[in-house]
Amino acid sequence: MNRPLASIAVSLGLLIFSTSALAQSSVMIEPGDSIEQIVVKAARVRPADRQVAWQELEFTAFIHFGMNTFTDREWGTGEETPDQFAPTAFDARQWTRAFKAAGMKGVVLTAKHHDGFCLWQTDTTKHSIKHSPWRDGKGDVVRDVSEACRAEGLAFGVYLSPWDRNTKEFGKPGYNKIFQQQLRELLTNYGPVVDVWFDGAHAPRDRPEIFDWSGHYRLIRQLQPGACVSVMGPDVRWCGNEGGHTRPAEWNVVPIDSTDPRPAETSQETTEAIIMRFKDQAADLGSRDVLRSAKQLMWRPAMTNTSIRPGWFYHASQDARVRSLDNLLNIYYGSVGGNTQFLLNIPPDRRGLIHENDVQRLAELGRVLRATFATNLAEDAAVKASAVRGGDSSHGPDKTIDGKKDTYWTTDEGTTEAVLEYDLGQARSFNVAMLGEYITVGQRIEAFSLEAWQDGQWREFARATAVGYKRLLRFDEVTAQRVRLRIIQSRLCPTLSGFGLFHTPVVPASPQIRRDKAGTVTITAAEIDVLEAATGKPK
Ligand code: FUL
């Protein structure tokens, strides 16, 4: 497949937005600041409410459906005709049911890809479904998908490709007007939108006026203040690849390289817009080593986007190349379990349905995730902590297992190391651990370890660095009654909103997983029941 333009554009590094978008979620580093001061500044950077809500979605579906579905391409030329768009059995509810079964909580629909073909009743171009044979030109994919999302309780977002290969206006100042009119239609007529997703395709560095990013962001804030603007936007960053590869440590507070703060030519702001070079592809974006040379820090969590198949769009030739269950589980643990949102693309076929192989895989994934996370073996534990803020029960260690996301344990300012001990009441077997910080007040934990009391001593069974919104760790099965979490390093007093121990019935290469010739994995409901029973979970 073509090298994704998003990566080219991001590494070329053009991203412009107004300083108002940075309010409350960024901080300047002064030349004389010590590393200790920088780290505390980083820990004080807080997310906007929309960024917290976005992160809580955890696992979401990406949909690429449009002209390319019918031409068997990944990038259209813009010279296709609306006649070619002709799904035979379009059913958005079938899509959202499949996503829900996988445990997804939201959807980002590609409303317009690079070919410029619009999947909604737009007044901005003739290159749209209005001029297609589908439903006599009266259909509206955006409406059907947004309604199907509401019916299934899924959040709804849109991807509007800034690059448009159909309109003659592209590259001229008039295109920004068309683009903003498209945004206005999408953000006005289809209910709440939680994510507006822009890729960076065709954003040449020498012509920043091609995209009036500042104007786009202002309009989005005005029409949908709860929406995050992702990738080519201030709220959410791209993880840096499209293969589902995740970092061992993912930080939500990352430096803005503002060494080139030229005023944006098209910005209406009185303060200058900032041109940032986000190094989205670097292996480390936020550890102390990176912060040391930062000039400005901002809250910008990562999104892991990849496709369940090799292509973003549907190709019949890829029906047997749907990612395996264990591969998807690996990405899930690395992404959702690595403090990012997992945006998994599932492309509908020419019928306008999610293909049976993908539906099956999503159902398998959902079954395994539900079987794993249904029971937190630590939820009834007796828990004690080496330190509690002000000795006060409102931040006691029991807040880590009360199942509430807005309560948390913490310590006094200045206490950056602590131990929490969980007594499970009896010996339990587990192979997954979960930690979650209360990120509303920032991201703080830098290193922790997990230990089990076995044979009269504490034995370490897992160790990691960044936590953030959620950290999941998998390890060989441990059986113990007492478990302790040692917070070894933290930027400020640590917080913990969630702690869990789980037993997953499926580990990679498990003998219970069957594969047919096409690589399709099957695991039946009965097998999951048997496996669950074998985990010895309390009833
Ligand atoms: C990239 C595009 O070029 C791909 O076609 C796809 O839409 C991906 C999600 O973003 O920039």
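Counting convention: from 1, in listed order, for ligands and their atoms alike. All residue numbers in this chain count up from 1 along the given sequence.
Among the atoms of Asn305, none of the N or O lies under 3.5 angstrom from an N or O of ligand 1.
Between Trp213 and Phe179, a ring centre-to-centre spacing not shorter than 6.0 Å is recorded.
Each of the following atoms of ligand 1 lies closer than 4.0 Å to a heavy atom of His64: 6 (C), 7 (O), 9 (C). Taking every non-hydrogen atom of Tyr159 and a distance limit under 4.0 Å, the qualifying atoms of ligand 1 come out as 2 (C), 7 (O), 10 (O).
Residue contact check for ligand 1: Phe62 places a non-hydrogen atom closer than 4.0 Å to it.
Using bins of under 30°, 30° to 60° and over 60° for the plane-to-plane angle, the ring pair Phe59/Phe342 lands in the parallel bin.
Judged as a side-chain contact (heavy atoms from CB on, under 4.5 Å), and not counting sequence neighbours, the contacts of Arg309 are Ser307, Tyr314, Gln318, Asp319, Val322, Pro347, His355, Asp358. For Asp349, the salt bridge (charged side-chain N to carboxylate O under 4.0 Å, His left out) test picks out Arg351, with sequence neighbours left out.
By the 4.0 Å N-to-carboxylate-O rule, Arg361 lies close enough to Glu364 to be salt-bridged with it.
Of the listed residues (Glu242, Glu74, Met232, His113), the one carrying the non-hydrogen atom nearest atom 5 (O) of ligand 1 is His113.
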